[in-house]
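A short write-up of the structure that comes next.
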Amino acid sequence: MNIGLLGFGVVGRGVYDFALNREDVTVSRVLVRSPKPELGALATEQVQDILADPTIDTVVEVMGGLHPAYEYICAALKAGKHVVTANKAVISAYYPEFIALAKEQGVALRCTAAVGGGIPWLVNLERCKRLDQVMELGGIMNGTSNFIMDAMHAAPVSFPAILKQAQELGYAEADPSADIDGDDIRRKLTISANVAFDALLAEEEIPMFGIRTVTDGDIAAFQSHGFVCKLIATAQRCGEGVCAFIEPTLVDSHELEAAVPANFNLISYSGQWTGRQSYFGQGAGRYPTAYNVVQDCLDILDGQRNFYTEAMAPTALDGDAVAHPYYVRTSCPDAWLESITADRWECGVITSAVSVGQMLTWAHQQVQKDPTCFIAGIR
Ligand code: HSE
């Protein structure tokens, strides 16, 4: 396999290093944004040098972002090249278009590293569907936010300091707000739910609330009541639709999620027959992510031409299908919050069961009035 590598950042270098030690996979050209003397003649700043090279059979896109990744992937598929990408933004936004092009050209499109970094999640979700029906999926799908939450439970630490550390370790997105506010998880949840349910969910309509406003006082209160707070994504079948959301969640300290350390991810699905299966591992970082990218290349080399899902149908999102109690901390409670308050903790209140859609809509409005407001679902 001759690879044209688009991008030589954290993941690109990892792919390059893995390929160096193999005879079956060769990186033939690398698209770079700035000179990379260590690559010698392999480096080019012109994507056409890759797209028009007939000896390159596979394009590996690890640049990230929507554009020009979208244009380059389309061009590569149209040029009859297999495509492997780790780019969740572009896959979440354009997957149906990409697979239509790939089918037309008889080439493969794989993106296992787009969800869960080095965890073989999408490939197993794809396998599960051959024999079972996925009823629910989700979990801890972002390494940076878990790294932050884990550190905040271990010792009093400032949010900016621990975020900076995650960035230095190469876990965080270029714009770390995507990690903290839930956008990164929402892309991964959309891709996973689309694969699991053969759905086409509107990513931007999935409600989410991030961890930007959590304080050490909140964490101390959770710990004193036997809970651990994690940023958790959920998608489950409900009627004809899907209920999907991302929110800080208080899990019992004995739950699997509570024990997930550092930048690790824990992603699970529940099959109708198999019950829960969980996948734990490195959700970010150079070699874990590059591992799944190169595994996709090896699968293509072995003749793999499946798409994770092909029958994607627009599917309604139902935010009211799931309800549970919440922890809410706000300096200006309103009448609605008072009406659902069932208990009071040190710095916040505990509500009676409220639908996720209702609470997340309220929380976003409340943040306009009280930017320090924090909520967490209790499961
Ligand atoms: N920023 C992401 C994370 C990288 O922290 O999980 C992998 O998608």
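Start at 1 and go down the list; that is how both ligands and their atoms are numbered. Keep in mind that what you see is a predicted model, and the values were worked out from it rather than measured.
- Judged as a salt bridge (charged side-chain N to carboxylate O under 4.0 Å, His left out), and not counting sequence neighbours, Lys78 has no contacts.
- With hydrogens and angles disregarded, no donor-acceptor distance shorter than 3.5 Å links the side chain of Thr372 to the backbone of Asp370.
- Pocket lining of ligand 1, defined as residues with a non-hydrogen atom under 4.0 Å away: Lys88, Asn142, Gly143, Thr144, Tyr171, Ala172, Glu173, Asp179, Asp184, Lys188, Gly283, Ala284.
- When the ring-ring contact (aromatic ring centres under 6.0 Å, His included) test is applied to Phe209, the partners found at least two apart in sequence or on another chain are His364.
- No more than 12 heavy atoms of other residues, nucleotides or ligands shown are found within 6.0 angstrom of CD on Glu240.
- Pairs engaging residues 169-206 under the ring-ring contact (aromatic ring centres under 6.0 Å, His included) rule: Phe147-Tyr171 [sequence neighbours left out].
- Cation-pi geometry between Arg33 and Phe8 is not met at under 6.0 angstrom from the ring centre and within 45 degrees of the axis.
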